[in-house]
**Q** 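The structure's right below; bear with me while I get my questions together.
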Amino acid sequence: MAAPALSRLSSAVLQRAASASRQSARLADSVPREVVDDIFSQALQKQTGVSLKYMLDFGSNPIERQLVLSAQFLHNELPVRLAHRVAELENLPYGLSAKPHVLKVRDWYVESFKELRSFKPVKDHSDELHFTKMLENIYNRHKNVVPVMAMGVADLKQELHGVGLNELPEIHRFLDGFYLSRIGIRILIGQHIALHEEQKADHIGMICTKCSPVQVARDAIYDARSICMREYASAPEVTIYGDPNFTFAYVPSHLHHMVFELVKNSLRAVNDRYDDLDAEPPPVRLVVAEGDEDVTIKVSDEGGGIPRSGLPRIWTYLYSTAQSPLPQMDTHGDGSDGPAILAGYGYGLPISRLYARYFGGDLQIISMEGYGTDAYLHLNRLGNVQEPLP
Ligand SMILES: Nc1ncnc2c1ncn2[C@@H]1O[C@H](COP(=O)(O)OP(=O)(O)OP(=O)(O)O)[C@@H](O)[C@H]1O
């Protein structure tokens, strides 16, 4: 068992962190008093969770009246969720609150909070359309939150001289909660915006009522192999086992993201292991299983596995054995969180697990060092689990 993190940090480092904390550009220095009071009073309100099933029922008939109701809900709910995050961002340990990148993220949250709070009550269709325009702005403003926050955390990591984030459990817990909350906020906003767009077949907003995991996996595999090809000039084969006609209700972009990350990790491990060997790399295997409760996707590789002692680390932010662990800005421009390179800043697994957990699923990694890794992605099939609210 590792010694407690604090005792491992030199007192000089701790002093520096504490003094950075004191110097933190506090909210009250940059925002009028009444806004600060409003933020902290909203941060005391309870957040209201929704489920995939609720979103499906609610969005199945997006007539004007429904859209007005949805806007009214968001008008109340979003400031509460944003305020919870601002309050947290103000009070992070080790001086993290004062890091310029973290302040930038906080200011985006404050800006969006102010816009929402100053919007008049949504009474009719015309108000609702204006409100939706504002939501689009907010959605865009926050698109780079993950990499910018990661840069702030990377600054802290550098300052703490190689102390792993797994040794700073409070930072890890904060990031898990923060990113989970972000997934929830983006799905609420994204769903409302999507209900205004032309509905794709079998879609209710962002949710596909007939999402085929095999089809989504094929696309994700194609993308992961393309990136692998670009970086290694070769990519192991991926074999899929499962019924392509099987469908269930899910958000395809989330599913794509998770499968892409898992396959990408497997391709990298297999490629690294077989790089110097003459042998043909064994294929990665992806199995889709339909249970009554869960749809489970297993990704298996023979990439040599992960040492048991290293397993806890793979869930921490900013742990990567890839060459260039530098956070990348969103180059997709669409606000999706996927990095554009094969392996980068160690967010693949922890963020994928949050996506899975958001709708009541989970992600587990089982490894046989010296052989390979199995990733089990469980997706809750019923969709009536209420979103977790940090
Ligand atoms: N299938 C696998 N085989 C061997 N090691 C793995 C596998 N999957 C993950 N790992 C290890 O876990 C680490 C963290 O994985 P994770 O997906 O979180 O980040 P990453 O792939 O390094 O970077 P990112 O996904 O952010 O681009 C990897 O750097 C690698 O060391």
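In this chain, residues are counted from 1 in sequence order. Just so it is clear, the model here is predicted, and its values are computed rather than measured.
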**Q** Using 4.0 Å as the upper bound for N to carboxylate O, is an ion pair formed by Glu170 and Arg173?
**A**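 So Arg173 does not pair with Glu170 through a salt bridge.
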**Q** Go through Arg308 and Ser367 one step at a time and tell me if the side-chain hydrogen bond (donor to acceptor under 3.5 Å, both in side chains) criterion holds.
**A** CA-CA 8 Å; Arg308 200 152 50 96; Ser367 155; over 6 Å; no
**Q** Measuring from Lys264:NZ to Ser352:OG, what's the distance to the nearest 0.5 Å?
**A**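 Here the interatomic distance stands at 8.0 Å.
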**Q** Relative to Phe178, does Arg85 satisfy both conditions: NZ or CZ under 6.0 angstrom from the six-membered ring centre, and within 45 degrees of the ring's axis?
**A**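 Not flagged: Arg85 not positioned over aromatic ring of Phe178.
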**Q** Kindly indicate whether the side chain of Val238, heavy atoms from C-beta on, has any atom under 4.5 Å from the side chain of Arg225.
**A**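 When only atoms from C-beta onward are counted, Arg225 and Val238 do touch, with a gap below 4.5 Å.
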**Q** Salt-bridge test for Arg381 and Glu293: reply yes if a basic N is under 4.0 Å from a carboxylate O, no otherwise.
**A**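 Salt bridge absent between Arg381 and Glu293.
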**Q** For the residue pair Leu354 and Asp176, establish whether any side-chain heavy-atom pair is separated by less than 4.5 Å.
**A**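 Yes - at least one pair of side-chain heavy atoms lies under 4.5 Å apart.
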**Q** Give the table of side-chain donor-acceptor pairs shorter than 3.5 Å for residues 242-255, with sequence neighbours excluded, one pair per line with atom names and distance.
**A**
from	atom 1	to	atom 2	distance (Å)
Asp243	OD1	Asn245	N	2.8

**Q** Answer yes or no: is there an ion pair linking Arg81 with Glu387, defined by an N-O contact shorter than 4.0 Å?
**A**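 Result for this pair is yes, salt bridge flagged.
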**Q** Taking Arg273 first and then Glu302, would you say they form a salt bridge - that is, a charged N and a carboxylate O separated by under 4.0 Å?
**A**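 Salt bridge absent between Arg273 and Glu302.
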**Q** Show your working on side-chain hydrogen bond (donor to acceptor under 3.5 Å, both in side chains) between Asp219 and His256 and close with a plain yes or no.
**A** CA-CA 7 Å; Asp219 295 343; His256 183 285; 5.9 Å; no
**Q** So do the side chains of Ser300 and Thr373 get within less than 4.5 Å of each other, counting heavy atoms only?
**A**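 When only atoms from C-beta onward are counted, Thr373 and Ser300 do not touch, as no gap falls below 4.5 Å.
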**Q** Please determine which of Lys123, Gln66, His196 meets the side chain to side chain donor-acceptor pair (under 3.5 Å) test together with Glu128.
**A**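 Answer after filtering Lys123, Gln66, His196: His196.
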**Q** What pairs meet the salt bridge (Lys or Arg N to Asp or Glu O under 4.0 Å) rule with one or both residues in residues 348-370, with sequence neighbours excluded?
**A**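 Pairs touching residues 348-370 that pass the test: Arg357-Asp362.
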**Q** Is Arg268 paired with Glu231 through a side-chain N to carboxylate O contact shorter than 4.0 Å?
**A**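 No salt bridge links Glu231 with Arg268.
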